[in-house]
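Before any comments, here is the structure.
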Amino acid sequence: MRLDRRLIVALDVPDATLATSIAKAVRRSVDAIKVNWPLVLAGGIQVVRDFADLAYVLCDFKIADIPNTSRLIVEQAVRAGASGVICHGFAGEDSVRACVEAAGKADVFVVTELSHPGGREYTAKLAEEFARLAVRAGAAGIIAPATRPDRVKALRSIVGRSLILAPGVGAQGGKAADAIRAGADAVIVGRAIYDAKEPARAAEEIAAEIRSSLR
Ligand code: O7M
């Protein structure tokens with residue numbers, strides 16, 4: 001995964017036409033487009049095919065099933081054009097390994113600690129284990145909470161040079177610069193971009209914040 005901007009847009013827009021116009025507007029300001037259930041349920045798997053012509057598509061299906069079903073999901077995502085897929089660590093090492101094997105050249109990212117307040121209830125307790133599992137299973141990286149930069153820092157010390165993608169910037173209260181300084185390779189941003197009056201400008205502003213945090 002090439003991370004020039006260190007910014008990934010989460011297009012959680014349940015309308016394929018609107019999502020496509022936002023994708024086209026922001027694609028030069030971001031490194032990837034993350035597609036989640038709201039958009040795929042509204043627009044079908046065709047949205048992944050369409051976006052794959054524009055950008056790196058990261059299919060965030062948060063796969064958390066038995067290995068066989070996980071494999072089948074990953075195969076469909078990759079066949080549709082996904083360059084990366086996201087699975088949960090809590091499904092266990094066999095399931096994560098099934099995702100990595102099925103992904104082939106595509107990247108797999110493993111969710112560790114979820115960014116919302118409820119993420120502290122259960123996922124935080126095992127986040128370090130999930131991070132170790134991700135490395136062992138050969139995943140490209142992990143997902144860690146931009147809402148808690150201290151946790152990004154702690155998880156970085158476990159995953160070494162594996163990638164860390166951090167959601168929770170903007171609407172959830174996290175700051176892009178803080179997550180990057182804590183060790184994230186890129187931030188994932190949804191509402192602060194797609195709900196903005198001018199999504200391209202909003203994305204550019206976040207990219208500028210990231211650049212200045214690196215100086
Ligand atoms: O910026 P937002 O809050 O509008 O959207 C954040 C996106 O990141 C949205 O698509 C979430 O599903 C996703 N996300 C989290 O917000 N928190 C997490 O802990 C994990 C994810 C995620 O992307 O997991 C892969």
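When a ligand or atom number is given, it counts from 1 through the structure's own listing order.
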For ligand 1, which atoms, with element, lie under 4.0 Å from some heavy atom of [X]?
X	answer
N36	10 (O), 12 (O)
A10	7 (C), 10 (O)
K34	8 (O), 9 (C), 10 (O), 12 (O), 13 (C), 23 (O)
R191	1 (O), 2 (P), 3 (O), 4 (O)

Polar side chain donor-acceptor pair, T123 to E113, under 3.5 angstrom: no
Other residues, nucleotides, ligands: >12 heavy atoms within 6.0 Å of R49 CZ: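 Check passes, neighbour count above 12.
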Test of proximity, Y194 against ligand 1: N or O pairs below 3.5 Å: no
N or O contact, I86 vs ligand 1, cut-off under 3.5 Å: no
Test ring pair (Phe, Tyr, Trp, His ring centres under 6.0 Å) applied to Y194 - qualifying residues, sequence neighbours left out: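 Partners of Y194 under the ring pair (Phe, Tyr, Trp, His ring centres under 6.0 Å) test: none.
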Identity and separation of the nearest protein heavy atom to atom 9 (C) of ligand 1: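 Result: D12 OD2, 3.1 Å.
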Donor-acceptor pairs under 3.5 Å, side chain of residues 129-136 to any protein atom, not counting sequence neighbours: which ones?
| unit_1 | atom_1 | unit_2 | atom_2 | d |
| --- | --- | --- | --- | --- |
| R136 | NE | E93 | OE1 | 3.0 |
| R136 | NE | E93 | OE2 | 3.3 |
| R136 | NH2 | E93 | OE1 | 2.7 |

Closest heavy-atom pair and its distance - I193, A202: CA-CB, 4.2 Å
Any V169 heavy atom less than 4.0 Å to ligand 1: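 Yes, V169 has heavy atoms under 4.0 Å from ligand 1.
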Worked verdict on V169 versus I188 for side chain to side chain contact (heavy atoms under 4.5 Å, CB included): CA-CA 7 Å; V169 166; I188 296 173; over 6 Å; no
